[in-house]
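Encoded as structure tokens, the structure appears first; notes follow it.
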Amino acid sequence: MDSIAVMYQMGFVSCQTLSVGLAHGWIGKADISHYATRLLTSGGDNGDIDFAVLAGADSLDDSEVTSLLSKKAGLTDELRAMDEWRYAKLVELNESEDSDDRKLDKLQDLYADFDYPQDMYSCSIYSQSEVPPLVAMRGLISSLQHRLSRESGITRDSLGISRPYRKEGAASGS
């Protein structure tokens with residue numbers, strides 16, 4: 001499952017998390033369009049014209065999309081959004097079919113990408129931990145899931161849909 005699908009499944013998708021994901025290159029404007037379209041079709045947009053504009057994000061300039069997302073996100077917690085993305089990226093890595101060596105390489109990249117968070121120290125190949133990094137990663141996934149779910153109280157996606165998000169054209173078995 002890719003990281004945006006994990007984000008939907010956990011109910012973490014919001015204008016804030018989309019803004020952070022776009023800024024880091026983890027998602028594209030098509031993902032923004034998909035989110036806005038889901039809001040529009042479910043009535044979750046509350047008649048906000050900005051979501052109609054975001055539904056056409058593919059045709060907008062990057063700065064316009066970023067500006068609209070920031071406006072919609074308001075003063076929300078960017079650190080929490082980063083933790084939600086970190087959780088999703090770790091789940092994506094854990095569920096990948098890569099070899100353990102490749103997963104270990106990618107885990108080191110994630111550790112750096114997220115600016116070396118303290119709770120990922122044991123995931124480093126340079127840590128003094130007796131726990132292997134991939135085992136530490138699985139423990140961190142569980143810990144993040146528990147903490148983020150408890151803090152948000154969300155067990156379904158932001159539209160109340162419990163089925164996983166799939167990009168159009170994606171294989172249903174992935």
Side-chain angles (χ1 to χ4, degrees), residues 1-46 51 54-55 57 65-66 69-70 72-98 103 106-107 109-120 122-123 133-174:
M1 181 180 313
D2 66 1
S3 54
I4 191 68
V6 173
M7 296 288 283
Y8 270 100
Q9 187 174 44
M10 290 299 296
F12 295 157
V13 178
S14 67
C15 288
Q16 178 67 47
T17 57
L18 292 175
S19 180
V20 168
L22 187 63
H24 285 86
W26 299 325
I27 61 169
K29 290 188 286 187
D31 296 302
I32 309 296
S33 293
H34 182 82
Y35 173 72
T37 301
R38 282 181 69 157
L39 281 177
L40 290 168
T41 58
S42 72
D45 64 316
N46 295 320
F51 288 111
L54 284 171
V65 174
T66 301
L69 285 174
S70 295
K72 302 293 9 140
L75 300 173
T76 55
D77 187 356
E78 187 169 337
L79 291 176
R80 179 178 167 83
M82 288 295 289
D83 277 347
E84 291 169 345
W85 273 109
R86 191 161 54 105
Y87 169 79
K89 289 293 194 182
L90 289 169
V91 168
E92 178 182 27
L93 176 60
N94 188 51
E95 293 181 358
S96 77
E97 295 181 12
D98 289 335
K103 283 183 180 182
K106 288 180 176 182
L107 181 59
D109 291 341
L110 285 175
Y111 184 44
D113 289 347
F114 284 95
D115 200 24
Y116 306 98
Q118 184 63 37
D119 63 355
M120 281 187 78
S122 293
C123 297
L134 293 177
V135 173
M137 175 189 71
R138 290 180 192 104
L140 178 58
I141 289 169
S142 178
S143 174
L144 282 170
Q145 179 181 20
H146 179 73
R147 181 174 58 82
L148 292 169
S149 294
R150 187 183 69 238
E151 287 174 1
S152 68
I154 297 174
T155 56
R156 295 171 166 229
D157 74 22
S158 60
L159 299 177
I161 300 169
S162 59
R163 62 183 151 66
Y165 160 82
R166 297 193 197 288
K167 289 184 181 178
E168 291 180 355
S172 60
S174 57

Given side chain to side chain contact (heavy atoms under 4.5 Å, CB included), test Trp26 with Lys89 step by step and report yes or no.
CA-CA 9 Å; Trp26 299 325; Lys89 289 293 194 182; 3.5 Å; yes
Tell me whether Ser122 contacts the main-chain N or O of Ala136 through its side chain, where contact means a donor paired with an acceptor under 3.5 Å.
no
Considering all heavy atoms of both residues, which atom of Asp98 and which atom of Lys106 are nearest to each other, and what is their separation?
OD2-NZ, 2.5 Å
Of all residues at least two apart in sequence or in a different chain, which pass the salt bridge (Lys or Arg N to Asp or Glu O under 4.0 Å) check with Asp109?
none
Full working for side chain to side chain contact (heavy atoms under 4.5 Å, CB included) between Cys123 and Leu140:
CA-CA 9 Å; Cys123 297; Leu140 178 58; 4.2 Å; yes
Quick one: does any side-chain atom of Ser33 pair with a main-chain N or O of Ala57 as donor and acceptor, under 3.5 Å?
yes
Between Phe51 and Leu54, is any pair of side-chain heavy atoms under 4.5 Å apart?
yes
Tell me whether Ser70 contacts the main-chain N or O of Thr66 through its side chain, where contact means a donor paired with an acceptor under 3.5 Å.
yes
Using the six-membered ring wherever Trp is involved, compare the ring planes of Tyr35 and Tyr8 and label them parallel, tilted or perpendicular (cut-offs 30° and 60°).
tilted
Residues that Asp113 engages under salt bridge (Lys or Arg N to Asp or Glu O under 4.0 Å), provided they are two or more places apart
none
Looking at His146, is its backbone amide N or carbonyl O close enough to the side chain of Ser149 to form a donor-acceptor pair, meaning the two atoms are under 3.5 Å apart?
no
Heavy-atom donor-acceptor pair, Ser96 side chain to Leu93 backbone, under 3.5 Å:
yes
When you compare the side chain of Asn94 with that of Met137, does any pair of heavy atoms fall below 4.5 Å?
yes
Angle class for the Tyr116/Tyr111 ring planes (parallel below 30°, perpendicular above 60°, tilted otherwise)?
perpendicular
Does any N or O in the side chain of Ser142 come within less than 3.5 Å of the main-chain N or O of Gly139, such that one atom is a donor and the other an acceptor?
no
Hey, are the side chains of Gln16 and Val20 touching, using non-hydrogen atoms and a 4.5 Å cut-off?
yes
Rounded to the nearest 0.5 Å, what separation is found between the CG atom of Asp115 and the CZ atom of Arg86?
11.0 Å
Going through the checks in order, is the side chain to side chain contact (heavy atoms under 4.5 Å, CB included) test met by Met10 and Leu148?
CA-CA 9 Å; Met10 290 299 296; Leu148 292 169; 5.8 Å; no
